[in-house]
Amino acid sequence: MRRRTVIPLIGSALIAVLTLAGCAPSKPAAAADSSTAAQGSGPTAGSGPAAGSSSPVAGGSADTLTIATTSDVVNYNPLVGNSRTDYWITNLMYPHLLSIDAAGNKEPSLATKWGYTDPKTGFYDIRSDFTWSDGTPLTADDVAYTLNAVKKDKPAGTLYGQLTNFVKATAVSPTRVEVALSEPDSTVIAEIGFWGNIVPEHIFSKAGSVATFANDKDWVGAGPYTLTSVAKGQSYTMKRVDSYPLVDGGTPRPAAIVYRVYPDVNTEILALRNGDVDMIANALPPTQVKTLQGTEGIKVEEVPGLGYAHMTYNMKQKDLAKLPVRQALAATVDYDAIRNVVLQGQAVSTGSSPIMPVLKDWYDPSLKEYAYDPDQARKLLTDAGYTSDSNGQFPLKFRLIYSLQDAVTSQWVNLVKDGAAKAGITIDLQGLERNTYLAKTNEGDFDIYAGNFAIMDDPATNMALTYLPGGAINYSYVDDPKLNELISKSRTTTDRAEQKTLLRQAAKLVHDNVYDNIMYTQNLYVAFSDKWSGFIVKPSELLSIVDPVSLAAATTTG
Amino acid sequence: MSLFTFVLRKIGRALLTIFFAVTVTFLLLRLLPGDPAQAVANPNMTAEMRATLLTQYGLDQSLLTQYGKYLWQLLHGNLGVSFAQGVPVTTVLMERLPWTLLLTGSALILTALIGIPLGVLAASRRGGWLDRAVQILGVIGQSLFVPSVGILLLYVFGLKLGWFSIGGAYADGTYGAQWYLSVLSHLVLPCLSLVLIQLGPYLLMMRSSMIDALGEDYCTLARANGLPYRRVLWRHALRNALLPTITLIGLQLGFLVGGAVLTETVYAYPGIGRGIYEAVTQLDFPVLQGAFVLLAATVVVANMITDLAYGLLDPRVKNR
């Protein structure tokens, strides 16, 4: 092949590749309507940000806040989406009735008041100043529609799981919704309010089933930002709306929020240090916290955890069905070492109780953490009739499963194994890929389960899921009539003092019988550029400083 | 064998290979542990919700029924609907395909542009420092692991030197010429990673086939006839030595696609590779099936073109 033909050929190939990749996005017009948002889709569709209501408005700024996340949006429908990024992005568009404060108490958001008119009827009074981004007012009809549609269509999101005793919602006025329940349930109104996003009836009802509606273009929201363009695998650009009543001044401050996708938190940290992003939405790994706290230009904020890490002992296994064996196992765990070494001191003890200290109104400080005492564990086993061999080994061997994607748990399970070995108990560690781990957990194919719950915001609801027979996350397969009665009663009483007493008694039963071994609540840390300030901290990784009100209140320090 | 029969036979083999890939992919995905309902829905999902989702996905039907339906859809050009995203798989893939083509296309061209001349030069200076350096580079290149190279390049050129952005395919808020520059700038590190891991086989193959060609009688004769060495090297020896390298390009396409999955994941590059990674974590069977069919078809078609080109370049091939 002659050289003079090779060079043009290569040039043509390069040009062809670039041409194939499509055209560059054109600069957006200055003041297009945010409701005419377009979904960009890689280079072929012109993925530059489409125009939203980005013109300067009173109280706002022209700045863009860029946030790193580790995954794409899977589903734009907030009634279906379950990933963290789904939650963070759809939360900025679809309001919740209730929010939560640092002590885990529900607080007003779209709803100003909530409660019960009788044991089987709940209500929400909602604000009258919310509008959807296409100008349609948000009314009680939207709230009633959302709840009824979720009950009917059963979408895969979290909200449907909260509707067990829900029968029907009715908009009795433009600002009041009444909820009929099948039986008295004192938790359902707060839980629906906290977990459920409200969607626009005039958009979602046209789509048929809310369980299958992709909602992947022409977004209409009532949060502080509306999604205006998507470059799948790369970024999600959201433009502020003109009016958002929950932020001081009524206008979100950053003109735009851009979520950028990175493969993992370590790359996110590189991007933050490099100045590519202003904030990391994901909680930092414990080992990175101190480094970033000492890095110039970066601030690290502590976020209270609202969940816990735990081990459950499968009580269908004959040895684990015996209390002394569970007590012995609980005594072989060096809880302080786990919190201080693996979590670098970034965790607090719950006193081995399923009600964490962060839930100040419910927590029972009289419950004390299981003591680390391998000798006591040996004594418990000997007293229970187990005999150790000449090497000090008891005939007890358990298989502990954990997710390999969970870096923290993957570390502390080794300490658990070593601790058990000191008491003569053998633990085989089985680290699993996440989907296999979920499948084995669901099938009860384990002796000991190690894992985390991210948000355990309501003790009565969570204890029902965790400890009642048939509960979706009852991984220990506990079925204690006394515990069942306490939890069931706590879910029906609307007397808060009585509920507190019942839940504390239930927590004590769980503690004393080692139905669950709660290890710690991890305090979370998020990092952001010191060019930004004004964030509002909410508990849990889902809310942290990326809650809609927090992002809408953020300002540049310069 | 006539050219027509030769081409028909190659197309038939390609279709059979794609059918085999489709079937194996379909079955392998269903052997994965866990179920898509669990991967998509929240962990507190009730048994009733799980059953509803499995029915919605068609996974409650027998394997044979699912396979039959899938093949029927495929024959109609329908790749199905994503379990997780609820949108057509074609949409999901077409959003990402251009970026993968850009990355793999650039990497393939650059690898050939660097690998072929370097291999030729190494062979022509056999035993010299360049030859030794090429051999070392070739062996090292074959031993490199994409994520390690990626993280190293990101750390050095992204964080320490600050020459390139960390992740993505372009900078947000860029338009026109600036956007093209941004795309090129974001392409450098992922492309370099792929070139580094792909270069080894090209270097070694080109070097060895050139050494063989230079030892052939026709090269000796050409030199004896007084032709300049450069002319013998680039005109006579290279032409024949290129044939195995052309085969290699076809074979390496499969590795390139595999490398792209890892590269796109490390660099958060928004191509099909990263899409596959996400679909695996979500057990999104339709997206995975669609992506593998697309990639298998790309590799098979590229190999078919290589075979056809080979047949045209060397008439002995089509008579075998």
Side-chain angles (χ1 to χ4, degrees), chain A residues 1 10 13-14 17-18 20-22 24-27 41-45 47-49 64 66 71-72 74-75 77 80 82 154 156-158 160-161 211-214 216 231-235 237 258 260-263 266-267 270-271 273-274 276 433-436 438-440 442 465 472-473, chain B residues 32-35 37-46 48-49 52-53 56 84-87 91 94-99 101-102 105-106 109 113 154-155 158-159 162 165-170 172-177 179-180 183 239 265-271 274-275 278 281-283:
Chain A
M1 201 179 289
I10 292 163
L14 277 172
V17 168
L18 284 172
L20 190 66
S26 54
K27 205 165 188 171
S41 54
T44 50
S47 50
T64 295
T66 306
S71 65
D72 267 295
V74 179
N75 206 301
N77 181 342
V80 177
N82 272 307
K154 303 173 188 165
T158 316
Y160 177 69
T212 53
F213 179 38
D216 58 341
K232 203 76 180 169
Q234 153 104 5
S235 63
T237 302
V258 175
R260 282 193 71 112
V261 185
Y262 290 89
N266 293 316
T267 319
L270 290 182
R273 292 173 63 184
N274 195 35
D276 286 357
E433 175 276 327
R434 186 174 176 273
N435 287 318
T436 313
L438 288 176
K440 283 193 181 289
N442 197 41
L465 288 169
I473 46 177
Chain B
L32 284 174
D35 73 67
Q38 209 149 27
V40 167
N42 78 83
N44 301 354
M45 170 178 64
T46 58
E48 178 208 6
M49 191 191 286
T52 307
L53 281 175
Q56 186 183 314
Q85 302 174 50
V87 295
T91 311
M94 287 306 130
E95 281 172 347
R96 294 177 175 270
L97 183 64
W99 293 116
L101 287 178
L102 177 65
S106 313
I109 290 168
L113 279 181
L154 275 176
Y155 183 76
L159 183 66
S165 293
I166 291 168
Y170 59 88
D172 297 306
T174 53
Y175 307 97
W179 185 81
Y180 277 108
V183 168
R239 220 164 173 173
T265 304
V266 171
Y267 288 97
Y269 204 76
R274 184 159 167 79
E278 287 172 359
T281 61
Q282 294 151 3
L283 292 181

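It should be emphasised that the depicted structure is a prediction, and the values quoted were computed from it without experimental measurement. A note on names: the letters A, B, ... follow the listed sequences, proteins ahead of strands, and every chain is numbered from 1.
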Quick check for you: among [options], which has the greatest number of heavy-atom pairs under 4.5 Å with chain B?
| options | result |
| --- | --- |
| A:Ser71, A:Pro263, A:Ala439, A:Ser235 | A:Pro263 |
| A:Val80, A:Thr267, A:Asp72, A:Thr66 | A:Asp72 |
| A:Val261, A:Val258, A:Asn442 | A:Asn442 |

Between A:Arg434 and B:Thr281, is a side chain to side chain contact (heavy atoms under 4.5 Å, CB included) present by the stated rule, with each step listed?
-> CA-CA 8 Å; A:Arg434 186 174 176 273; B:Thr281 61; over 6 Å; no
Does any donor atom in the side chain of A:Asn75 or A:Asn77 lie under 3.5 Å from an acceptor atom in the other side chain?
->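 Their side chains do not contain a donor-acceptor pair, so the 3.5 Å distance test is not met.
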Give, as side chain, backbone, both or neither, the part of A:Arg260 having an atom under 4.5 angstrom from any heavy atom of chain B.
->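 Looking at A:Arg260, just its side chain touches chain B.
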Considering only heavy atoms and a distance below 4.5 Å, find which of B:Gly271, B:Gly86, B:Ala84 pairs most often with chain A.
->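 Most heavy-atom pairs within the cutoff with chain A belong to B:Ala84.
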Can you tell which part of B:Thr52 gets under 4.5 Å to a heavy atom of chain A, answering side chain, backbone, both or neither?
->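 It is the side chain, since no backbone atom gets that close.
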In terms of the angle between their ring planes, are B:Trp179 and B:Tyr170 parallel, tilted or perpendicular, with boundaries placed at 30° and 60°?
->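 Rings of B:Trp179 and B:Tyr170: tilted, as their planes differ by 30° to 60°.
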Test item: B:Tyr269 and B:Leu102 side chains (from C-beta on) under 4.5 Å apart, heavy atoms =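 With C-beta onward as the side chain, the pair touches.
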Carboxylate-amine/guanidinium proximity below 4.0 Å for B:Glu278 and B:Arg96 =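 Result for this pair is yes, salt bridge flagged.
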